[in-house]
Amino acid sequence: MTPTYSREQQIYSLSFSTNSAFGLSWPQSDCKSGMAAMQSYVTKVSKDVLAQTTTLIGTWNFVWGPVVYAQNPTSNSVHADNTMGAYYNPSEQLLVISIAGTNSISTYGWLVQDFSVNSLVEWESITGVSYSGHIAKGTSIGLQILLSMKDDTGNTLLESLRSYIASNTIPTGIEIAVTGHSLGGALAPTLALYLSDKKATWDPSNKAQLSTYPTAGPTPGDKDFATYYQKQIKANKIAYHSKYNTIDVVPHAWQRSDLAQIPTFYEQHIKPSSADTPNQSILGSLVTLASFIAMADKIVVVPHKNPYQQIQPSTPLQGTFDNSVDLKAIAAIAFVSALNLPKNLKDAYLPVISQFTRFVAQAATQHTTAYYPLLDIVNFMTAYKNIINNNKPKDSTVLTPDELAIKDTLKVDLNEIEVADLVLAYQQNKAPNDSE
């Protein structure tokens, strides 16, 4: 059966499918049962995805993994800090390595792998290639985690690739596509370059052609790294297919010129409520964003200079402001406003936090679900969501990214509030700066 999806759509579908542990945790009192349950869950979801979406993405076989990594695997509650899997489609002669993005509840993912950009690591120290620039310390940590992961056979990804490539069932010219979204969008091109630089160790007969399909990835390295990478692209050692949403915050980190664009993303929709109140004359969220931008200039290793530069070419996808998500945020704000809070708290707190909530909810959406139509994988993601719901741990609730953002900022879980209550609150006490 010929799949409905194109080769590229299949790759992006597998990219998102690796994020099945997003927002979930597993309790354990014996230092091991939670890890086993989490690994079992992620494996089961992957099996169901490959079995139930063949009409869309075709027939795929497991090559390695998927494998889940937890930085603290013996804690009382475990969650995924990294996930990666490899799959092969014989009819397409395509092997996809899929890397998960940042887990919303992974402090290690956020603080270490995403935000450890205050120092750089020489690429030469990782692969032995001279004059190849530097990558962020967090990216180097993430890469080392991926390279050290082992599946249930005890093999690392490279060991399995070596065996798989050496088998007679794999034709010369097979494409190995490394893909990932968000954190995975930074790690995917980095791993692809590692595979290219170390190709002789796992593909001595040079059977494979390497490619990478990152989406929404932050900048993994400095200008020299980008220059070195682009030389590999021109030399046809890696086919580079990066894409990003133009109003997504994440791929605009960490290059200074990109960071400067972030505060203007939603200014036509989330406007100050009054020109007379200086604390509302800009989006409340810009307090955080201004600090974020200032931090980005200060945390780099070269004083007064931000060395980060995105790899090019990268294809922009024109994002669209999501009004339905904004209305969710407005309704939640109205619900909080309708509560019996002291007037001075409402006056000081709500105007700023409302803007911040709307911005963060929009940013969360633009970084995640907005990519489904942009990449034309809506049908797959609908099937994937059903698979997740059928497999999720007992009593767990899977929130959408915007709902999670609202819960984190306002402490309001939209799933626990009757829609009628939200509508009533919205009608009786509209949120500041509500734009019809």
Side-chain angles (χ1 to χ4, degrees), residues 7-8 11 15 94-97 99 117 119-144 146-147 157-158 161-162 165 172-181 183-244 250-259 300-302 305-316:
R7 191 180 183 91
E8 189 174 72
I11 292 171
S15 173
L94 173 64
L95 193 156
V96 171
I97 300 169
I99 304 169
V117 293
S119 61
L120 297 168
V121 176
E122 287 188 344
W123 187 247
E124 182 179 0
S125 70
I126 299 173
T127 63
V129 179
S130 303
Y131 309 109
S132 51
H134 306 75
I135 61 173
K137 182 179 180 181
T139 303
S140 72
I141 292 171
L143 176 63
Q144 293 306 318
L146 299 182
L147 294 174
L157 173 66
L158 263 67
L161 283 180
R162 186 185 303 117
I165 292 294
T172 298
I174 178 181
E175 179 184 358
I176 297 181
V178 191
T179 186
H181 185 80
L183 171 62
L187 292 176
T190 307
L191 177 59
L193 183 61
Y194 180 90
L195 292 175
S196 176
D197 286 349
K198 307 290 283 187
K199 202 165 191 283
T201 66
W202 60 272
D203 183 20
S205 57
N206 199 29
K207 278 188 174 182
Q209 301 293 320
L210 286 166
S211 64
T212 185
Y213 290 77
T215 54
T219 317
D222 65 5
K223 180 179 179 180
D224 291 337
F225 180 75
T227 298
Y228 172 68
Y229 207 116
Q230 286 158 200
K231 287 180 180 178
Q232 309 315 300
I233 296 171
K234 289 180 180 179
N236 295 319
K237 293 185 177 181
I238 301 175
Y240 190 73
H241 306 279
S242 173
K243 293 186 178 182
Y244 70 98
V250 174
H252 287 77
W254 297 95
Q255 185 173 314
R256 174 180 285 183
S257 58
D258 289 340
L259 283 165
V300 295
V301 294
V302 182
K305 183 180 180 182
N306 184 330
Y308 287 94
Q309 182 171 303
Q310 277 281 18
I311 302 162
Q312 296 297 335
S314 188
T315 303

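In this text the structure is predicted, and so the values were computed from the model without any measurement.
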For Gln232, does its backbone N or O pair with a side-chain atom of Lys237 as donor and acceptor, under 3.5 Å?
no

Value rounded to 0.5 Å, distance of CD1 in Ile233 from CG in Leu210:
12.0 Å

In the structure I gave you, are the side-chain heavy atoms of Leu259 and His252 within less than 4.5 Å of one another anywhere?
no

Side chains of Leu161 and Leu195: closer than 4.5 Å at any heavy-atom pair?
yes

Applying salt bridge (Lys or Arg N to Asp or Glu O under 4.0 Å), run through Lys199 and Asp203 and close with a yes or a no.
CA-CA 5 Å; Lys199 202 165 191 283; Asp203 183 20; 2.7 Å; yes

Is there side-chain contact between Thr172 and Ser205, with heavy atoms separated by less than 4.5 Å?
no

CA sep, side-chain torsions, deciding dist, call: Leu147, Leu157, side chain to side chain contact (heavy atoms under 4.5 Å, CB included):
CA-CA 7 Å; Leu147 294 174; Leu157 173 66; over 6 Å; no

Can any side-chain N or O of Tyr240 pair as donor or acceptor with the backbone N or O of Tyr229 at less than 3.5 Å?
no

Hey, is the main chain of Ala192 close enough, under 3.5 Å, to the side chain of Ser196 for a donor-acceptor pair?
no

Between OH of Tyr194 and OG of Ser140, what distance do you get to the nearest 0.5 Å?
12.5 Å

From Ile165 atom CD1 to Leu158 atom CG, the distance as rounded to the nearest 0.5 Å:
10.5 Å

Side chain to side chain contact (heavy atoms under 4.5 Å, CB included), that's the test. Do Leu193 and Thr127 meet it? Break it down for me.
CA-CA 9 Å; Leu193 183 61; Thr127 63; over 6 Å; no

Measuring from atom CD1 of Ile11 to atom CG of Leu95, what distance do you get when rounded to the nearest 0.5 angstrom?
10.5 Å

Among Ile126, Leu120, Asp222, find the one that has a side-chain contact (heavy atoms from CB on, under 4.5 Å) with Ile135.
Ile126

Evaluation steps, side chain to side chain contact (heavy atoms under 4.5 Å, CB included), between Val129 and Glu124
CA-CA 5 Å; Val129 179; Glu124 182 179 0; 5.8 Å; no

Consider side-chain contact (heavy atoms from CB on, under 4.5 Å). Of Thr212, Thr179, Ile176, which one does Ile97 pass it with?
Ile176

Can you tell me how the ring of His241 sits relative to the ring of Tyr213, calling it parallel under 30°, perpendicular over 60° and tilted otherwise?
parallel

d(Ile99 CD1, Leu191 CG) to nearest 0.5 Å is 5.0 Å

Can any side-chain N or O of Gln230 pair as donor or acceptor with the backbone N or O of Gln312 at less than 3.5 Å?
yes

Would Asp258 and Tyr244 satisfy side chain to side chain contact (heavy atoms under 4.5 Å, CB included), going step by step from the backbone distance to the final call?
CA-CA 12 Å; Asp258 289 340; Tyr244 70 98; over 6 Å; no

Where the side chain of Gln255 meets the backbone of Gln310, is there a donor-acceptor pair that is under 3.5 Å apart?
yes

Would a distance-only check, ignoring hydrogens and angles, find a side-chain to backbone donor-acceptor pair under 3.5 Å from Trp123 to Phe225?
no

Straight-line distance of Thr215 OG1 to His181 NE2, nearest 0.5 Å
5.0 Å

